[in-house]
Each structure stands twice: as C-alpha cells, then as structure tokens.
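Working notes, beginning with the structure itself.
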Amino acid sequence: MKKKLNFREVLLVGSLLFGLFFGAGNLIFPLELGQQSGYNLNPVIVGFLISGVGLPIIGVTAAAMSDSESLFELARPASKKFAYFLTVLLYITIGPGFAIPRTATVSYEIGLKGLTNVSDKAMLLVFSVVFFSLALYFSLKKGNLINTIGKYMTPIFLILLAILLIMSIVNPMGPTKSIPPIEKYQQSPFTIGIIDGYNTLDAPASLAFAIIIIAAIKELGVKEPKYIANETLKAGLICLIAMSLVYSSLAIMGSASTSIMDIKENGALVLAAISNHYLGKYGHILFSLIVFIACLKTAIGLISACSEMFNQLLKFDISYEKYCVIFAIVSFLIANLGLNTIISLSVPVLMFLYPICIVLIILSLFSLKIGKNHNIYKWTLIFTIIAAFFDLLSNLPYGLADSLLVSKTLALPKRFLPGFDLGFGWILLALIGFVIGYIIDKNNKKSKVSYTSGN
C-alpha cells in the first residue's frame, strides 16, 4: 500500500489547495491593507497572514490529523445535533448562501460592469448564466478537480498575476510604507491585521475543503489516515509558502501604489489602477482575466465541496451531480440580488461562524493528545456559541445593530469580555468552557473509579 506521495504529487495537491483558497477576495484584500496601513504595513501583514493563511492550513491539517474526513466528523464529538447544525449552516454560508454567488458578482463588477449600454441587471444575468454554466460543467467532473484546478487553473492564474508582480519589482511605482496609516491601522495594527484576515473566509472554508483534499490524496493512492495526514501537512506547507509570498507581494505592491494614486475605496480599484499604470488599455483585460480565473476556480471547488458533503450527510435520494445542479442554480439566483445585498445579509452569519470554526480547529488539534472528549468539546463550544451570538448581533445591518434591544444585550459583553470590540471576546468564554468541560470530565472519571472500587 502506498504510504506517501512523490514530490510532483505533493506539489499538485498543494496547488489544488491554493486554488481552492485563493479567490478574488484573497486577491484584493492585501492590496487594500497595503495602501491603507501606511508605515504600519509589517505588523498588519503579519497579522493578516496568521488568520488568512495559518488558520486555513491548520484547519485542513487538523481535519486530516484527527482522522476526520469531513466537518461533520470534526464536530461530532460535541454532539450529533450540533454537528448537523454547524455543517449545514457553514456549507450553506460558504456555498450557495454567500461565497459562491459572490464569486460571480465580484468577477462581473470588476470585469464587465459599466462597459456597455446594457443595464447592469441584464448584463449580470447574462454573465452569471455563463459563469455558473462553466462552474457546473467542471464541478460535475469531480474526479478531474485536481487537474482542473491544481494542474491548469492555478498555474494560469499565478502566471497572469506574476506579470504585474514582476513589473512592480522591475519598475517600482515608488517607495513602500511612505504614508501615515488610516485611522483603522493607527492603533493595534497587528490585531486589526488578524481581523482583516477573517475577510478571506478561508478558515471556515478549510473545514469544507478538507473533504476535497483528503479525497484527492486517496485518489493518488494513499489510503491510511496517518499517511493521509502526513501528505496533507506537506501539501499545506507548500500552499502556506505560496499564499504567504503572494499575499506579501500584493501588500507591498499596494503600499508602493500610494506614490501614483490616492487611497482607493477597495483593493479591486487598486489592482485595476495598477494594471492600467503598467499596461494601459490592455491592463483591464489582464486584470479581468486574473479575477475571473480566481473566482471561477473557487466557485468550482465550493460547488463540489458542498455537493459532496450534502450527498454524504443527508440521506435523501439526491446524487452528487444533482446537488451540483441545485447549488449552481441557487447561487445563480442569489448572485443576481447584487453584491452589496449579499454582503449585508451574510456578514452577521460569518461573524457567528468564525469563532466556532477557530475553536473547533484548536480542539481538533488538542484531540491528538486528549482524545475527542465529549465534555470538553461540548462545554467549550457552548460558551463559544454564546460569544459568537454577541458577534452576530454587533454585525447586524444598520438599523438593527443600534436598536434598543440589541444595544442592551451587547452592553454586557462590551463591559465584561476583554477584546470584544476587536472581535476577540470569544477567547475568554471558550477558555472558561474548556475548563468547565475538563473539570466535569475529571469528576465523571473519578466517580466511575470510585463506583468500580466500591463494587
């Protein structure tokens, strides 16, 4: 039986992992923080890499090392009901509820919006039909994902992006870290960088993508869980290096761009301006291709991951292929609501999911030493969910977040949870839950020992 992959195969799986993670959001956020962080660029990008790269790689690796081939198995030690709840909510959110539709709307708004006299709604409709038809076509070919994304799309994407990166090195736009940071990055830049890394959505997505990576390693001949974990770690390290290099390069390029332009509203505008600066009218074509490929490969991966999980999790008479069609159609419909609507509705749910996913990743790593302990999982996650609910309330759309009921509810965590305003209020509650679960588990074991001794 095959125990390990050769270097070419590890590189291929690492490329697949990179391709699954690196979408349009990953492309534009580093440019944005590169511009806005000014001379505080270094601590900001380090924080961003921790949450935007480190956590996702740890998530995939934790799933493999804890012998959990899916998010459901990862969460099951807490309880079966919780595992169903989290799996369905997370896959809908990073799937047809938000992330998949966003790939189409971002690609459209960056590449085609405003280029014709046709109304935006009509153009988005036509574009999303083409986009999701392609995404569906490739996701239906489940066995070819490692080649489609890892062997072809990711290298093409990196080659196109490298054109701009090399130009910025050979002919720099100006010095980096030359302006003061905006207000957001003046205090606690490292911490804000960590929060910025949340925007990539890759930590929750890592728990979903694990099922694809593990399946790909199995297809290459490695079947034993402990060997799969080893190869996942190797592929993860390759992905970590690649993503860190690309993120850092983009952030540096964004920082240097302040010499030729004012600070832009978002990273998409920064990349468009840089493309135009170096390539003129051809810059928009290159820029649009980079974003389109980045979005398409992520959409393919998400449709495949969601379809695979729902096919395994829900005992309905619905095949993987039928789920692909369902998720592509639902994503198409939601995409045509528009990007701003999608984001406003999804952010509260994402802020609810993020602490839970991070804690679940940490517990999975601890399980290598303490085992999948029900009491520890249960109580740690109960307290984390309480904190996550407060995060959900604080990120409700305008008009709801400042209502009297929500304001009174949030007064408690704002007063007693350190780091709540920065998005870290869950840490204290998770630790409290962990300690409670540990104590309950110890007491239960002592009671069993005493009962056994007495009999």
Side-chain angles (χ1 to χ4, degrees), residues 10-34 37 41-64 94 99 103 106 146 149-166 168-169 193-210 212-213 216 231-255 267 271 290-291 293-302 305 354 357-358 361:
V10 173
L11 195 62
L12 188 60
V13 176
S15 178
L16 171 62
L17 189 55
F18 179 96
L20 292 171
F21 280 138
F22 209 96
N26 309 68
L27 183 65
I28 62 180
F29 288 131
L31 288 159
E32 183 178 325
L33 66 85
S37 59
L41 173 65
N42 289 347
V44 172
I45 192 63
V46 170
F48 184 87
L49 291 177
I50 288 172
S51 58
V53 181
L55 273 176
I57 300 303
I58 292 171
V60 174
T61 306
I94 68 164
T103 59
V106 167
I146 192 166
I149 297 177
K151 194 173 182 180
Y152 300 116
M153 286 191 172
T154 297
I156 291 171
F157 165 76
L158 288 173
I159 290 169
L160 292 173
L161 183 59
I163 294 172
L164 280 182
L165 294 177
I166 291 171
S168 70
I169 294 171
I194 292 176
I195 298 297
D196 281 346
Y198 284 10
N199 291 325
T200 65
L201 308 184
D202 283 343
S206 69
L207 303 179
F209 287 147
I212 294 179
I213 298 303
E231 302 314 302
T232 302
L233 180 59
K234 292 177 188 176
L237 289 174
I238 288 174
C239 180
L240 184 146
I241 293 168
M243 289 183 73
S244 297
L245 287 173
V246 173
Y247 276 145
S248 300
S249 299
L250 287 169
I252 291 169
M253 188 163 68
S255 181
L271 187 58
I290 290 172
V291 174
I293 293 173
C295 288
L296 182 61
K297 60 186 177 56
T298 300
I300 294 167
L302 286 171
Y354 237 100
C357 291
I358 293 173
I361 290 170

Pairs involving residues 240-255, ordered by first then second residue, that meet salt bridge (Lys or Arg N to Asp or Glu O under 4.0 Å) (sequence neighbours left out): none
Distance-minimising heavy-atom pair for Ala305 and Ile212: CB-CD1, 3.7 Å
Residues forming a side chain to side chain donor-acceptor pair (under 3.5 Å) with Asp202, sequence neighbours excluded: Asn26
Check residues 237-244 and write down every donor-acceptor pair under 3.5 Å in which the side-chain atom is one partner and the other belongs to a residue at least two apart or another chain.
residue : atom : partner : partner atom : Å
Ser244  : OG   : Leu240  : O            : 2.8

Residue list, side-chain contact (heavy atoms from CB on, under 4.5 Å) with Leu12, at least two apart or on another chain: Ile146, Asn147, Lys151
For Ile213, side-chain contact (heavy atoms from CB on, under 4.5 Å) partners two or more places apart: Val13, Leu16, Leu17, Leu20, Val60, Ile217, Thr232
Pairs involving residues 236-248, ordered by first then second residue, that meet salt bridge (Lys or Arg N to Asp or Glu O under 4.0 Å) (sequence neighbours left out): none
Minimal non-hydrogen separation, Leu55 against Ala203, with atom names: CB-CB, 4.2 Å
Residue list, side chain to side chain donor-acceptor pair (under 3.5 Å) with Glu231, at least two apart or on another chain: Lys234
is_close_aromatic(Tyr152, Phe157), centroid dist under 6.0 Å: no
For Leu158, side-chain contact (heavy atoms from CB on, under 4.5 Å) partners two or more places apart: Phe18, Thr154, Val246
Which residues share a side-chain contact (heavy atoms from CB on, under 4.5 Å) with Ser248, sequence neighbours left out: Ile45, Leu49
